[in-house]
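Written out below as structure tokens is the structure these notes cover.
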Number of protein chains: 2
Amino acid sequence: MVRLLFPGSKLGPVTSIPLRPEPTPAAAERSDAARNRERLLLAARELIADCGTEGLTMDRLAERAGVGKGTVFRRFGSRAGLMLTLLNDSEADFQARFMFGPPPLGPGASGLERLIAFGAERIAYVVEFGDLVLAAENASRGRFEVPAAALWLRHIEVLLRDEGFDADPWLMAGSLSAALDPERLLDLVRRHGVPPERLVDSWRDLVTRVVAAA
Amino acid sequence: MVRLLFPGSKLGPVTSIPLRPEPTPAAAERSDAARNRERLLLAARELIADCGTEGLTMDRLAERAGVGKGTVFRRFGSRAGLMLTLLNDSEADFQARFMFGPPPLGPGASGLERLIAFGAERIAYVVEFGDLVLAAENASRGRFEVPAAALWLRHIEVLLRDEGFDADPWLMAGSLSAALDPERLLDLVRRHGVPPERLVDSWRDLVTRVVAAA
DNA sequence: AGACTAAACGGACCATGGTCCGTTTATTAT
DNA sequence: ATAATAAACGGACCATGGTCCGTTTAGTCT
């Protein structure tokens, strides 16, 4: 658990679940470590801007940032961890919007409306950050241990319950969540040329049917 | 398209979509190539039996089979290709059963019954061949290009249409298919200890709801 | 049998993610 | 200021999937 600024708000820090958990949030970071972290993140963004996500290798990143390779791995744990870190801000923003933002995504709308909006936003998010999300998916032990994924799941589950869904909402939330799998969405958009709006339509249809029979 | 024996049937060869497409089905295999393929498959099964799927590396496999590493890759293309080949028989069997076998999996039952049975069988399949399926998933360009996957998708789509589902059955088939994703299923079974029957129940609930509103 | 050719072979080689451990350095206590 | 210490550093090293290309060989044609 880490405190992040709620972007564009005067309300001050809000609690958010980071995409990647910080190892030791208690101890303050040593100055050289902080400097290298900045250098690395900068270099990573430049590298991605120049050569795309594919072009970012850990060796190149280390060289470009002027640090040793070991430093890169101590900081981010793995390539996927780096990508997760790169996505952290936008992910925190997304979380804030579906947890505290205005309806229909945030509280105030019905469970179904919020489910629909959630899918639509997630689809937009995946389409926007495509390669990054894909590169972040290969986390060490499966993509299901990412803390943020657990949050989305729980969110969907709660919305299902709101709609009176009683039969194993946790598993159903997982099934719905699977329909938003980034690899699938990007395959549909990129290889099959499916327009995102059509994905949103299909998602709406899916959740509507699932909730309707409740 | 390759001809495979319909297992346990007197009906002779039936058409089946292989898990992994053969590069040049026309040209006959040279004798040394055939011998090496046998050696490799044997060695692969032994290695997996001894050290598990993780323990099978391409170098070790080559050494154990007594062939060069290049031979391994020419034969199977990639590690995932090898796993796909190892799964080919059971996959052909699965295909035969849902396409031509007895109801409720095969023709003769309603679309909904067949959908439910399909999911149940798929779950059992994934649980049985867990590691192999997982290792086969990292196919070159995503797990959506595997020909067999296209067949399952099409199957689900047809069954949806049978049930009068009109709104974008192809995308809906994909969403349902995503709920059967092996990585998810195995994560649920292994990490969360969810019994397969509960997965089947949830799948039944899902497809019933999707089809009900049609 | 001998020559010819296309296919198969093999293993050195490469790229890349990730680990290890001896060395350096920021920080803190005295 | 100096010493002590825990953290950070860096780059050699490893494992593994995958490629390349010069060499060998099975099958065929005469």
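Just so it is clear: chains get the letters A, B, ... in the order the sequence lines come, proteins before strands, and each one is counted from 1.
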Open item on the list: Please determine whether a side-chain nitrogen of the Lys or Arg among R184(B) and D187(B) lies less than 4.0 Å from a carboxylate oxygen of the Asp or Glu.
Closed with: no
Task: Residue whose closest nucleotide on DNA chain D lies nearer the 5' end, R37(A) versus S31(B) - done: R37(A)
Open item on the list: Check this for me, if you would: do R154(A) and E157(A) make a salt bridge, where the nitrogen-to-carboxylate-oxygen distance has to be below 4.0 angstrom?
Closed with: yes
TODO: On the 0 to 90° scale, with breaks at 30° and 60°, tag the F118(A)-F98(A) ring pair as parallel, tilted or perpendicular.
DONE: perpendicular
Task: E63(B)/R60(B) ion pair, N-O < 4.0 Å - done: no
Open item on the list: Rounding to an integer number of Å, can you tell me how far N36(A) CG sits from dT24(C) C1'?
Closed with: 13 Å
Open item on the list: Test of understanding: with ring-ring contact (aromatic ring centres under 6.0 Å, His included), list the residues that count as partners of F129(A), not counting sequence neighbours.
Closed with: Y125(A)
Open item on the list: Tell me the interatomic distance from R74(A), atom CZ, to dG11(D), atom C1', rounded to whole angstroms.
Closed with: 12 Å
Output a table of nitrogen or oxygen pairs between the protein and nucleotides 2-7 of chain C separated by less than 3.5 Å.
residue : atom : partner : partner atom : Å
dA7(C)  : N3   : R30(B)  : NH1          : 3.0

Task: Pair R204(A) + D201(A), salt bridge at N-O below 4.0 Å - done: yes
Task: Backbone of R198(A) reached by a side-chain donor or acceptor of S202(A) within 3.5 Å - done: no
Open item on the list: Can you list, in residue-number order, the parts of residues 56-72 of chain A that come under 4.0 Å of DNA chain D, counting heavy atoms only?
Closed with: V67(A), G68(A), K69(A), G70(A), T71(A)
Task: Backbone of L115(A) reached by a side-chain donor or acceptor of W203(A) within 3.5 Å - done: yes
Task: Between P of dT19(C) and CZ of R75(A), the distance in whole Å - done: 16 Å
Open item on the list: Measure CG/L40(A) against P/dC9(D) and give the value in whole Å, please.
Closed with: 9 Å
TODO: Using whole Å, report how far CZ of F73(A) lies from C1' of dA8(D).
DONE: 16 Å
Open item on the list: Reading DNA chain D from 5' onward, which residue's closest nucleotide shows up sooner: D32(B) or R79(B)?
Closed with: R79(B)
